[in-house]
Amino acid sequence: MKDEIPLLRLKGVTKQFSGTVVLEDVSFDLKKGEVLGLVGENGAGKTTLMSILFGMPHIAESGGYGGTIEINGKEVHFKSPFDALDAGIGMVHQEFSLIPGFTTTENIMLNREITKNNFMVDIFGPRLSVLDRAGMKERAKSAINRLGVSIDPEMKIAEMPVGHKQFTEIAREIDREKIQILVLDEPTAVLTESEAAVLLKAIKELAASGIAIIFISHRLQEVIDICDRVVTLRDGKSVRDISTKETNVSDIAASMVGRTVTDEHLKKHAELNAAETAKLDDNDKVLTVEHLWVDMPGETVRNVNFSVRRGEILGIGGLAGQGKLGIPNGIMGLYPAGGKVLFNGKEIKLNDPAAALKDHLAFVSEDRRGVGLLLDESLDWNISFTAMQSKGMFLKKYLNGLFTLRDEDAMRKVAEAYIKLFEIKCTSSKQKAKELSGGNQQKVCLAKAFCMEPELLFVAEPTRGIDVGAKAIVLDVLRMYNREKGTTIVMVSSELEELRSVCDRVAIVSGGEIAGILSPSEKPEEFALYMSGLKKQEVTK
């Protein structure tokens, strides 16, 4: 019997950037209705491979690629994403590509708007047709319903919680009439556990309808749960292609990094924290927050009160949209805020990012591309820029300070030191930030913050979208700066187990307020009660 022709076949795909090989002889097949897990460390080549498949312009602009791509047995060459879309390939990127001022419906139906005729069309032609907004709304609702979620089709993207934005992105792709293959790049990274469960169920149903899915994720249990097969990329090569029934999370993690990976580093943190936390002085409060409110779309803070002890790592957790991300964004002046914030006994001027930086606070934003990076600039420039602007670091003074010039050598040296510390995968400190993988971009954001030598560091979602090996590095460095250099850290994360393993205390945000501050040793069920709003304690500052 003749072998079935796969829906998608990649054969010997190879890619170089500036003489550096990032993909080498990558091959795998994908059948109709199959869910394929694609895993690998940050920088392993996953995003580059999908960029080739989707015809992203920077691939052709940087010399194209080697190997072949076949769809239904026919070789294809996509010159742009529009060619890929016409071939039935949809892709949801790790970073959002929605228009903030447009509604859910307008984003889902973008470039596929439904129009209706009127008497003016009969006279002047189709250019005077009008949008059939009712029809578009029904189409959008149908796509949203296929995902099993409830999203207002008239809500603007700028007003949405981050989880709803992710579902809107996916709904836009599955609404396309000819969709055959759907690529999902870290689709659950921004979702809560309940939202992720809904999405995973929807993925299974989409596959059952015949859509083939490439599922890229660092949440390896999800890969096991919903994928039929898993392909591992390591250092740009496809090193493993195996049925998920024949593997497990530990084996997949080991194949990604070439060594056995466990959660031992998390256990180590937890054990060390118990001893170190006991040394902290409850009365030595470096930061006090009173009646803080923040007007951040999708993350509104209503009335937050808490304090941070000098030298501790305070975790802030909670469900998406409850306000946890609004706290650091408001204190650091990125969104309108009010209330009172004291740092070392001095009141911080709110709504002024420069003032916060001068007061020796720093912030690693959850939005690494929108806020954290200068994408078109080099790594050394990214790492040193904020310190240069706010503190005058990396500047040479001439004629008694009459004028200054950048100290390029110092910028290079500090960048190289952080590249080594965080094990950032790059060609050199002169490589542009936009050319790095998402996880390595996150490491650059952390390096930029530490470069400022802050007394207190806010870090939001520090391990979002990064692999198990990189996560260990990031957590180890955060702890090292905290314990060895005395940096007080406020860490906001959607990963409860991560907070419990690293932090001295964990504050849970619900309904825009602090519902409770718990010891990391509390049972998970206790945290769940506070997250759901079913339990609340009188929080003492």
Side-chain angles (χ1 to χ4, degrees), residues 42 94-96 149 160-167 169 184-200 216-222 263 266 269 294 296-301 304 313-330 363-372 438-439 442 445-446 458-468 470-472 474-475 478 489-503 505-518 520 522 524-533:
N42 293 112
Q94 193 171 345
E95 310 294 342
F96 294 136
V149 293
M160 279 186 181
V162 66
H164 285 190
K165 293 178 184 179
Q166 184 68 289
F167 281 111
E169 288 257 18
L184 301 176
D185 191 354
E186 297 289 349
T188 63
V190 298
L191 303 181
T192 63
E193 290 184 9
S194 58
E195 289 173 331
V198 171
L199 177 58
L200 297 181
I216 303 173
S217 180
H218 289 117
R219 295 183 175 183
L220 301 184
Q221 187 58 54
E222 294 178 352
D263 60 353
L266 297 181
H269 284 312
V294 183
M296 178 178 177
E299 287 285 343
T300 301
V301 175
V304 159
I313 303 179
L314 176 71
I316 299 181
L319 299 177
Q322 295 299 303
K324 65 180 184 291
L325 292 173
I327 294 171
N329 277 280
F363 179 36
V364 178
S365 171
E366 72 286 352
D367 183 5
R368 59 182 174 239
R369 293 177 70 87
V371 176
Q442 183 76 320
C445 291
L446 286 163
F458 289 102
V459 54
E461 305 290 4
T463 64
R464 174 184 287 172
I466 67 177
D467 59 74
V468 288
K471 181 178 290 190
V474 167
L475 296 180
L478 286 174
I489 296 174
V490 178
M491 175 176 162
V492 182
S493 176
S494 299
E495 301 284 346
L496 178 59
E497 288 308 305
E498 188 172 277
L499 292 174
R500 294 179 67 210
S501 68
V502 175
C503 301
R505 296 182 298 152
V506 180
I508 299 299
V509 179
S510 178
E513 301 180 8
I514 302 292
I517 299 179
L518 309 178
E522 287 282 0
E525 308 91 85
E526 192 74 3
F527 284 91
L529 290 173
Y530 284 96
M531 285 184 176
S532 63

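On a predicted model such as this, the values are computed, not experimentally measured, just so you know. Counting from 1, the numbers follow the sequence of the chain as shown.
Contact annotation: the side chain of Leu478 approaches that of Ile489 to within less than 4.5 Å [non-hydrogen atoms, C-beta and beyond]. Side-chain atoms of Glu222 and Thr188, non-hydrogen and from C-beta on, do get closer than 4.5 Å to each other.
Atom CG of Leu184 and atom CD of Gln166 lie 8.0 Å apart (nearest 0.5 Å). We find the CD1-OG distance between Ile316 and Ser493 to be 11.0 Å, quoted to the nearest 0.5 Å. The CZ atom of Phe527 sits 8.5 Å away from atom CD of Glu497, with the distance rounded to the nearest 0.5 Å. The structure places CD1 of Ile517 at 10.5 Å from OH of Tyr530, a figure rounded to the nearest 0.5 Å.
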- Query: Is there a side chain to side chain contact (heavy atoms under 4.5 Å, CB included) between Leu475 and Met491 once you walk through the steps?
  - Reply: CA-CA 11 Å; Leu475 296 180; Met491 175 176 162; 4.0 Å; yes

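Not a single donor-acceptor pair under 3.5 Å links the side chain of Arg505 to the backbone N or O of Leu314. One N or O on the side chain of Glu461 and one on the backbone of Ser494 form a donor-acceptor pair closer than 3.5 Å. Gln322 places no side-chain N or O within 3.5 Å of a backbone atom of Val509 that could act as its donor or acceptor partner.
Taking every heavy atom of both residues into account, Gly323 and Glu299 meet most closely at N-OE1, 2.9 Å. Considering every non-hydrogen atom in both Ile327 and Val301, the closest pair reads N-CG2, 3.8 Å. Pro328 and Phe363 get closest at one heavy-atom pair: CB-CE1, 3.7 Å. Heavy atoms only, all atoms of each residue included: Leu499 and Val506 are closest at O-CG2, 4.0 Å. Heavy atoms only, all atoms of each residue included: Phe167 and Glu195 are closest at CZ-O, 3.5 Å. Taking every heavy atom of both residues into account, Thr463 and Glu498 meet most closely at OG1-OE1, 2.6 Å.
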